[in-house]
Amino acid sequence: MNCMAIRWGNDIVVVDAGLMFPESELLGVDIVVPDITYLLNNRDKVRGIVLTHGHEDHIGGLPWILSELNVPVFGTEFTLALVENKLEEHQLLDNADLREIRAGNRFNLGPFTINPIQVTHSLVDCVALAIHTPIGVVIHTGDFKVDPTPTDNRLFDLHTFAEYGKDRSVLALLQDSTNVERRGYTPSERAVRGKFDEIFARAERRIFISCFSSSIHRIKLAMEVAWEYRRKVALVGRSMTESTEIALDLGYMEVPEGTIIHPGQIRDYPPDQVCVLISGTQGEPMSALSRAAVENHKHAKIERGDTVVLSSRIIPGNEKAIYRMIDHLFRREADVLYEDGSSPPVHVSGHASQEELKLLINLVKPRYFIPIHGEYRQLRLHADMARSMHGAVGQVLLMESGDVMEFDELGARKIDKVPVGRVCIDSGSRGDVVEDLVIKDRRHLSEDGFVLPIIAINKLTGSVESIPEIVMRGFAAGNENGFIEEARKVIANTLDGSTSEEKMDYGVIKEKIRADVKRFIGKTTSRRPLIMPVILEI
Ligand SMILES: [Zn+2]
Ligand SMILES: [Zn+2]
């Protein structure tokens, strides 16, 4: 989860504070954040958290960590803007101590001098960190690729890396392993431009482009191309709107007056004059694109002949949800484009491939090399690659989460393991920590019981065949009969508000019912029973 502590004596700096989205088996858990027992046990020594960039897997754990340990947070302008939004949501902003850093401007933190170095990635305003310690410089690359033509023209600062290598002052290089399995070079963000041109030149109706809301380069390109092809741009989905607004505010994008329209105005323009940037590339059931795919979005209507572009990676584990959504888009008779290996690419990675990794290692020439940010196999392959680079790398060290590596004048050694692991959080609130899923379920059942809404759906038509049944165990709502009547109404409303395609997609409809019943029970009883909708096919 990208959270590393660097300690000299009685001073600790933390690099990044990420989160993980739960795997499907962690049902009912919203996010997973790092276990910070080590930091809490040393709370008087922690001088601050320094952020490399604003991706969720680097900043998403902040609300949880700051609520336990309120220390200064250092980040670049864009990164802090994302952090502010996040902390605001959790009512933590007022008490937070956020300090802006800039690439090339060194600052001191305890015994460390930290030099942020401009790097390129799929997001903007990203830095690597050169952390000067009394026994040498530790360089943490953060996430990066070497993009020679970033859309914001803020170049990867190869010179500074080279300078560190020149005087052989680098004790350790910690490098991003994500794409170590890919040969060659990762294409520039601008490589997508060719594909966008093809799409815009050909499309006769609306164009929907979905990408990660943090892909500022991608959003910027889409806006530029839309403007050139005289299309208005509507932003649909909260995350897409928020991150674009931040990028506009901070000057990372400039859009000619009148280009952006409100989603409600989409229908006011002819279909061939509109481009919709919409969130939800991973088929998340409640995202704007998933809802549009089943004809259940107020503003984003996808019709025959429209073009839908998924400009993102298919994240392993999400295939099923994504292809289900793509199926729905095909049913709308849309022309759907997604990453299929064709050229020019509809998506490019934000992480360095082998040749870029080697380039940086050659520039930095570290005494010790440590792969970070990858699955074990990637760390291992990255270590093997670095080992083969005699002359550029002293010794290669392989560490896993929780390992403690000690450096001194004599060398480096693994000395200890500290507690690490996942802390599961329900409904995104820092108060809702779930120690363990089993414990959570047991607690749920013993304290709040369970509620089973049972819905009979006709397999062929998608219509609901009878009044929903509600079975409850270990849960009492006071006025039992009135409560069941009300809960039935809630379910009936959910069903009424769903299209027949949604009703035939049991994953979607179950999740909608679960969310609505949960909200209703929370409001009327402030209890949280386990809710497991059951669909009976008739
Ligand atoms: Zn990352
Ligand atoms: Zn990243």
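Start at 1 and go down the list; that is how both ligands and their atoms are numbered.
- Between the Zn ion (ligand 2) and H58 there is no N/O/S contact shorter than 2.8 Å.
- Looking at H121 and the Zn ion (ligand 2) together, the shortest N, O or S contact belongs to NE2.
- At least one N, O or S atom of H53 sits under 2.8 Å from the Zn ion (ligand 2).
- Not one N/O/S atom of C126, from backbone or side chain, sits under 2.8 Å from the Zn ion (ligand 2).
- The minimum heavy-atom distance linking D403 with K417 is given by the pair OD1-NZ, 2.9 Å.
- Between H347 and Y338, the distance from one ring center to the other does not fall under 6.0 angstrom.
- Within the 2.8 Å limit, D57 places no N, O or S atom next to the Zn ion (ligand 2).
- The N, O or S atom of D143 with the smallest distance to the Zn ion (ligand 2) is OD2.
- Aromatic pair H373/H58: ring centres closer than 6.0 Å.
- Aromatic ring centres of H121 and H351 lie closer together than 6.0 Å.
- The heavy-atom pair separating C211 from S311 by the smallest distance is CB-O, 3.4 Å.
- Within the 2.8 Å limit, H55 places no N, O or S atom next to the Zn ion (ligand 1).
- In this structure, Y185 places its OH atom where only 12 or fewer heavy-atom neighbours from other residues, nucleotides or ligands lie under 6.0 Å away.
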